[in-house]
Number of protein chains: 2
Amino acid sequence: MSDQLLSLSKTLTDNGHRLTTARQVILETLVTCGGHLSADDLAAKVRDAAPRVGRMTVYRTLDLLCELGMIRPIYQGTGAAHYILMDEGSHHHLICNRCGLVIEFDECMSSEVGQALSQRFNFKIQSHLLEFHGLCDHCQKL
Amino acid sequence: MSDQLLSLSKTLTDNGHRLTTARQVILETLVTCGGHLSADDLAAKVRDAAPRVGRMTVYRTLDLLCELGMIRPIYQGTGAAHYILMDEGSHHHLICNRCGLVIEFDECMSSEVGQALSQRFNFKIQSHLLEFHGLCDHCQKL
DNA sequence: GCAGATAATGATATAAATTATCAATATGGC
DNA sequence: GCCATATTGATAATTTATATCATTATCTGC
Ligand SMILES: [Mn+2]
Ligand SMILES: [Mn+2]
Ligand SMILES: [Zn+2]
Ligand SMILES: [Zn+2]
């Protein structure tokens, strides 16, 4: 069991939620896949490992994880929400407006800005998402 | 007709798309409302001004505006996509993970990072979105 | 370890949001 | 104004998301 999985599980129990087998499998699948899945995509993968887990439980678990700030829904081409992991505190993308290509990157200087905002609005920051949008190498040449 | 509306219209024609009356009304409504609308919300408002504009046209226009980088779909509580205006080059949010409150802010230091990424990946940046997620003043006290 | 209170589940039904089709129409270039 | 064709909108189909509720599993306290 990975550290990340342990940490996510702990966040659940720390907030008074039960660590059910369904939730365990869902978390494990989510971590293994590295996120970027839709609810139904995830439900399908989860059912490979645990066929008894219902689709509703996946939807509800995703909602719960969102509320706890562990994941975040974003658009990724299709009409369905895709969920990215937020437990590391940040997530960064370059996204092509034409073909939908997603490039991940790490560096970012949002901490200072966050600090200031946190005070101004008395807002407790748990994570951030930074996305640059534009045209990828390939799509610029079309 | 606002400068913003003119600029958006120009982007359409500059990219070889027709400036139809439907698109004009859609853009105008979008700008007037300041974005943050779902496709169906927008369709309803559009039909107040122009009853003949069909829902499909709104969906398709929103897709087109996304592809041109003028707007961007994000999640805002409900299952439907909400569209934010991106033509100013950036958009910044503080979002409460519990109640969904959205606070807008202006300052940000993403330009330098963007510059570096742009070169590294040969990616033409058109805009960026920065979101901080956490708990608002009110929800921290629950 | 067991019982009880209750959070959580999952089968089912319903609603909401998105996408596909295609004949009719409006648009911009000439 | 004419024409080629991009765009539209009515309709239908599909995909996503939400609501219900009886049943089950989890945790707490003993
Ligand atoms: Mn990612
Ligand atoms: Mn906004
Ligand atoms: Zn691309
Ligand atoms: Zn809140």
Side-chain angles (χ1 to χ4, degrees), chain A residues 8-29 36-68 70-83 100, chain B residues 8-29 36-68 70-83 100:
Chain A
L8 289 168
S9 310
K10 187 169 183 308
T11 303
L12 273 183
T13 53
D14 283 355
N15 283 84
H17 301 284
R18 294 179 178 175
L19 192 55
T20 68
T21 50
R23 284 175 180 167
Q24 289 180 41
V25 180
I26 291 169
L27 276 182
E28 197 174 322
T29 309
H36 286 265
L37 292 166
S38 74
D40 282 335
D41 288 346
L42 181 58
K45 299 219 177 209
V46 162
R47 294 174 94 131
D48 288 345
R52 344 183 55 202
V53 175
R55 201 171 41 77
M56 270 315 301
T57 300
V58 174
Y59 272 89
R60 278 186 293 231
T61 301
L62 288 171
D63 275 350
L64 178 60
L65 299 182
C66 282
E67 200 171 307
L68 297 176
M70 302 155 84
I71 61 175
R72 182 95 204 153
I74 63 166
Y75 272 95
Q76 210 167 291
T78 107
H82 287 241
Y83 295 86
Chain B
L8 289 168
S9 309
K10 186 168 184 309
T11 303
L12 272 183
T13 52
D14 282 355
N15 283 85
H17 301 283
R18 293 180 179 174
L19 192 55
T20 67
T21 50
R23 284 175 179 165
Q24 288 180 40
V25 180
I26 291 170
L27 275 182
E28 195 174 321
T29 309
H36 285 265
L37 293 166
S38 73
D40 282 334
D41 289 347
L42 181 58
K45 299 220 177 207
V46 163
R47 294 174 92 131
D48 288 345
R52 347 183 54 205
V53 175
R55 204 184 56 270
M56 270 315 300
T57 300
V58 174
Y59 272 89
R60 278 186 291 231
T61 302
L62 287 171
D63 275 351
L64 178 60
L65 299 181
C66 282
E67 201 171 307
L68 296 177
M70 302 155 83
I71 62 176
R72 182 92 206 154
I74 64 167
Y75 275 97
Q76 207 167 294
T78 104
H82 287 242
Y83 295 84

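Please read these numbers as outputs of a predicted model, since none were measured by experiment. Reminder, nothing fancy here: chain letters follow the sequence lines and each chain counts from 1.
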Notebook entry, point to check: Any sub-3.5 Å donor-acceptor pair from Tyr59(A)'s side-chain atoms to Ala39(A)'s backbone N or O?
Noted result: no
Checklist line | Student check: side-chain heavy atoms of Tyr83(A) and Asp41(A) closer than 4.5 Å | finding: no
Checklist line | Pairwise side-chain contact, Val25(A) with Thr29(A), heavy-atom cut-off 4.5 Å (strictly under) | finding: yes
Notebook entry, point to check: For DNA chain D, which residues in residues 40-48 of chain B have a heavy atom at a distance below 4.0 Å?
Noted result: none
Next item on the list: Would you mind telling me which of dG10(C), dT26(D), dT18(C) lies closest to the side-chain atoms of Thr20(A)?
Entry: dT26(D)
Next item on the list: Figure out the CZ/P separation between Arg52(A) and dA11(C), and round it to whole Å.
Entry: 9 Å
Notebook entry, point to check: Within this structure, what is the CG-to-C1' distance between Leu64(B) and dT8(D), rounded to whole angstrom?
Noted result: 14 Å
Checklist line | Candidate nucleotides dT7(D), dT9(C), dT19(C), ranked by approach to the side chain of Arg60(A) - the nearest | finding: dT9(C)
Next item on the list: Answer yes or no: is there a side-chain heavy-atom contact under 4.5 Å between Val46(A) and Glu28(A)?
Entry: no
Notebook entry, point to check: Is there a residue in residues 11-19 of chain B whose heavy atoms reach under 4.0 Å of DNA chain C, and which residues are they?
Noted result: Arg18(B), Leu19(B)
Notebook entry, point to check: Which of residues 75-82 of chain B have a heavy atom under 4.0 Å from DNA chain D?
Noted result: Tyr75(B), Gly79(B)
Next item on the list: Please tell me which of Ala22(B) and Asp63(B) maps to the more 5' nucleotide of DNA chain C, matching each residue to the nucleotide holding its nearest heavy atom.
Entry: Asp63(B)
Item checked: Minimum-distance nucleotide to Tyr59(A) side chain [options: dT18(D), dT26(D), dT27(C)] -> dT18(D)
Checklist line | Side chains of Leu12(B) and Leu27(B) in contact at under 4.5 Å (non-hydrogen atoms) | finding: yes
Note to self: Go through it in stages, so that I can follow the logic: the residues are Arg52(B) and Arg47(B), the test is side chain to side chain contact (heavy atoms under 4.5 Å, CB included), and I'd like the CA-CA distance, side-chain angles, deciding distance and then a yes or no.
What the structure shows: CA-CA 7 Å; Arg52(B) 347 183 54 205; Arg47(B) 294 174 92 131; over 6 Å; no
Check: Expressed in angstrom and rounded to an integer, what is the separation of Leu62(A) atom CG from dG10(C) atom P?
Finding: 14 Å
Next item on the list: Figure out the CD1/C1' separation between Ile26(A) and dA25(D), and round it to whole Å.
Entry: 15 Å
Check: Between dT7(D) atom C1' and Arg55(B) atom CZ, what is the distance in whole Å?
Finding: 17 Å
Margin query: Base, sugar-phosphate or nothing for Thr21(A)? Non-hydrogen atoms, less than 4.0 Å.
Written below: sugar-phosphate
Note to self: With a 4.5 Å cut-off on side-chain heavy atoms, are Thr11(B) and His17(B) touching?
What the structure shows: no
Check: Taking only side-chain nitrogens and oxygens of Arg23(A), does any of them come within less than 4.0 Å of OP1 or OP2 of dA8(C)?
Finding: yes
